[in-house]
Structure formats: structure tokens, C-alpha cells
Amino acid sequence: SYTGDDLVELHIPGSLPLVQAALEAWLSAGARPARAGEFTRRAFLAGKIDLSQAEAVCALIRASDEASRRRTAAVLSGGLSRRIGEFLDRLRSTQALLVASVDFSDQELGDETLARARESLEGASRDLDSLVATASEELAGDRGIRVLFAGRANAGKSALFNRLLGEERAIVTDVPGTTRDLIEGDIEIDGVRLVLVDGAGERGPGERRSGADRAAEARAESARESADLVIHVVDGTGQDLDLDRDLRERLQGPVILAINKTDLPACDPERVAREFGTPDAVAVSARTDAGADVLRRRLAALALVSGDAALAVNARQKDALARAASSCREALHALSSLEHGPEFASVDVQDAMGALGEIVGDVTPDEVLDLVFGQFCVGK
């Protein structure tokens, strides 16, 4: 069975009084209600699934769109488990090399073995760092892919935000700097749930700022750091492109360049695209809706690629990956130290393997299991 236990299923009519009477009869005979996540916990303890797959069950139940379902289903089918297994195999081999380098420290073979161990650790550290950097914390299933609208003040990003959202959520005026607080709204395109986020526009270094302006810019900066995708809205008439170029250098992750105001005669999307070296920019008009469908398709395609390419993890798993990467760096530092050497590096490698083992549940304290399965609905 799913839990690894023998079981009996009783099917009764859905009459509430009958169900209540049946429950009372079973409880009086010694049965008890299932606790939160108990069935999946039993499956984990029986070795039917590992801990990362158990967490994926909970995430799959919470999945809010098709993209989230695919990502969590990939983890449930063992995608994360296989990656962790590969890292553990590499670190076990590295551990063996470190031990061998100590055993043959007085021979030429010891130096060669130590060099192989260092090379293996460098590769594992690099790959773990890359995995932490690209992992998508989407396993919760209900977060959605966050899309930030960035651009200088009065470039039309709030108007474009409203256009894609399909409602007047952000206040739009001809006066720059209208948007202060972060404004969010959900849309779904081709089965992908997107959380659109609009914030304060970028101001030039010489422009006057009030305390509220500086606070609004700080919030927008924080939103940029947590965004999965960015729509960089640029004024297609070519005003203040230096400020936009400076902003573009600070944007992280996938960015779509949206050249706005194509309804104006002075707008020259091709020239602006050349200025940014972006031939695949999207020309739009927040006022007339021109190019909005192209932008939606580009956004959905990029969201799918971004979400599917990244390994879906939750916060607990990402923390364990980060600790494993840190332990690998400590091991490399130990190998380069005259005082420490392979013996100390071996301890760090063991710590890295322990952190990775927490993800799949090789060594997991009961309180961690209680935290994981306590997030489930009753039963499951």
C-alpha cells in the first residue's frame, strides 16, 4: 500500500449521521483519527519514499497552477532525490581519496590522490553553489512566479502593469513617482500563475527625493532581489536612456525589455533596442494595448523555461544545500592550510554529506519530521 502497512478500506454511503455513527463505532473499538500527514509519514518511515518526495506530496496538494504541479511532480518522481544521490556519491568518493592521501602521505601516491580530492571538491563546491543560486523555492506550490515591473519614473510601467493585469490596480498620472507602495496582482497565462509586482520608478541621481521617495525606492530594490522575472519598461521615445542602462546592469535573472509608448510618433523601438543590444525586445503601448499579447506570450514562455529549468526546493531544502556548499568550501580551505590538511577536510566533507542527507531524510531528527508532516492536512 501507499503507507507500507496492511489496510482495510470501508466504503459507506455519504449520509452524515451514518458517517458519524460509523466513526464513533470505530473509535470505541480502539481506532483513532489519522494525524496530519500521517499516511505520507508512514510511507516515508517504511522506505516507500524519501523526505524530499514526502514534502512534494504536500506541495502537490497546494499547487495553484499547472507549472507548479509540473515542478512538484518532478520532485515527487525523484528528480531532487537523484540529484542529491549524485552529490552524495561524489562526496563519498572524495572522502575515500582524502583517507587514502593520509594513508599514503609519505609516498608520491599521496600527493596525486590529494590533488584528485581537491579537484573533486572544487567541482562539487562549484556545482552546489550553482544549484543553490538557481534553485526555485516553488515547492510550496502557492507562491507563483513573481514578475517585477522595473523602469524609470514615468516610463509607463504602472500603466503596463494595469494593462496586463486587466484592471486599474496602480494609480497612473502624468506626474512621475506616483507609485510608492508595492502593488501586486495575480494572472494566469497558459497554465502558469504569475504574481505581477509594481513598485516605485527609478529616479536620476540629481533628482530631489523626499523621505517617502527613498523608502519607496528601497522597497522596489528589495522586490528586485526576490523577483523571478523582470519586465524592464523603457520609454520608446529615447528619454533618459543612461538611467535605464544603469538600471539594466543592476537587474538580476531573466529580463524582458518592453519598449513602451509606441503610440507616440517620436517612439523608435528599433533604435532603443539597439541601444540596449537587445534584438528581441517587445514593442508595446500601455495606452492602446498594442504588443500586449506578444508580451504575455513572451512572459509565459520565459516563466515556463525559468520554472522548469530550476530545481524546485523549499526553504528547508535550500538551507541544507547552502550548508553543504559551505562545508565543501571549508574542506577546500582546510586542504590549502598547512595546519589542517586532509584530516580536517574529511570532517568538512562529512558535514556536507550530513546536510545533503537531511534533504532526503537519511539522518533527520524527529522534530524536523514533526515540522514537515505537520504542514499536511489531516490524513494525507
Side-chain angles (χ1 to χ4, degrees), residues 41 44-45 47 49-56 59 75 78-105 109-140 310-375:
R41 182 170 185 156
F44 163 70
L45 294 174
I49 54 177
D50 64 31
L51 192 57
S52 69
Q53 291 172 299
E55 290 176 295
V75 178
L80 177 58
S81 306
R82 285 190 291 273
R83 293 294 299 276
I84 298 303
E86 291 168 1
F87 277 115
L88 286 171
D89 287 343
R90 292 169 65 180
L91 291 176
R92 290 189 191 102
S93 298
T94 303
Q95 186 79 302
L97 290 171
L98 290 171
V99 172
S101 70
V102 174
D103 292 341
F104 299 101
S105 59
L109 181 61
D111 293 336
E112 179 184 341
T113 304
L114 195 59
R116 289 172 57 196
R118 181 180 288 106
E119 182 181 355
S120 177
L121 269 175
E122 288 173 348
S125 178
R126 181 174 58 251
D127 292 345
L128 278 169
D129 282 334
S130 176
L131 183 58
V132 172
T134 59
S136 172
E137 289 190 36
E138 292 295 326
L139 198 56
L311 184 66
V313 298
N314 60 24
R316 185 191 73 83
Q317 295 163 349
K318 194 167 187 177
D319 173 70
L321 286 169
R323 284 188 282 114
S326 176
S327 293
C328 285
R329 289 193 296 273
E330 290 294 326
L332 283 169
H333 178 71
L335 286 180
S336 62
S337 171
L338 295 177
E339 298 180 16
H340 298 154
E343 296 92 341
F344 284 81
S346 178
V347 174
D348 292 321
V349 170
Q350 191 64 45
D351 289 342
M353 290 192 291
L356 293 175
E358 292 177 17
I359 296 176
V360 292
D362 284 350
V363 181
T364 307
D366 287 342
E367 56 267 24
V368 175
L369 295 182
D370 291 340
L371 178 63
V372 168
F373 293 105
Q375 301 176 51

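Just so you know, these numbers use all the heavy atoms, side chains as well, and skip hydrogens, waters and symmetry mates.
Nearest heavy atoms, Ala320 versus Glu358: CB-OE1, 4.5 Å. Scanning both residues, Ala117 and Leu98, for their nearest heavy atoms gives CB-CD2, 3.8 Å. Scanning both residues, Leu128 and Phe87, for their nearest heavy atoms gives CG-CE2, 3.7 Å. Between Val360 and Ser81, the shortest heavy-atom distance links the atoms CG1-CA, 4.3 Å. Shortest non-hydrogen contact noted between Leu88 and Met353 is CD2-O, 3.7 Å.
Side-chain contact check for Ile84 versus Leu321: some heavy-atom pair is nearer than 4.5 Å. At a threshold of 4.5 Å between non-hydrogen side-chain atoms, the residues Cys328 and Val349 do not count as touching. Side chains of Thr94 and Arg116 form no contact here, defined as non-hydrogen atoms less than 4.5 Å apart. Residues Ser326 and Arg329 have side chains in contact (heavy-atom distance under 4.5 Å, counting atoms from C-beta outward). Contact check for Leu335 versus Leu121: side-chain heavy atoms found under the 4.5 Å cut-off.
To the nearest 0.5 Å, atoms CG (Leu51) and CZ (Phe44) are separated by 5.0 Å. Distance check: Ile49 CD1 to Arg41 CZ gives 12.5 Å after rounding to the nearest 0.5 Å. Taken from CG in Asp127 to CD in Glu86, the straight-line distance is 10.0 Å, to the nearest 0.5 Å.
Listed for the Ser336 side chain is a donor-acceptor partner under 3.5 Å among the backbone atoms of His333.
Looking at Arg92 and Asp89, a side-chain N of the basic residue comes within less than 4.0 Å of a carboxylate O on the acidic one, giving a salt bridge. Salt-bridge check for Glu55 with Arg316: passed, with a basic side-chain N closer than 4.0 Å to an acidic carboxylate O.
Annotation: side-chain hydrogen bond (donor to acceptor under 3.5 Å, both in side chains) contacts of Ser346 (sequence neighbours excluded): Gln95. In this view, Ser327 satisfies the side-chain hydrogen bond (donor to acceptor under 3.5 Å, both in side chains) rule with no residue, not counting sequence neighbours. Legend: residues meeting side chain to side chain contact (heavy atoms under 4.5 Å, CB included) with Asp348, ordered by chain and number and at least two apart, are Glu330, Ala331, Ala334, Asp351.
Atom CZ of Arg323 has more than 12 neighbouring heavy atoms from other residues, nucleotides or ligands inside a 6.0 Å radius.
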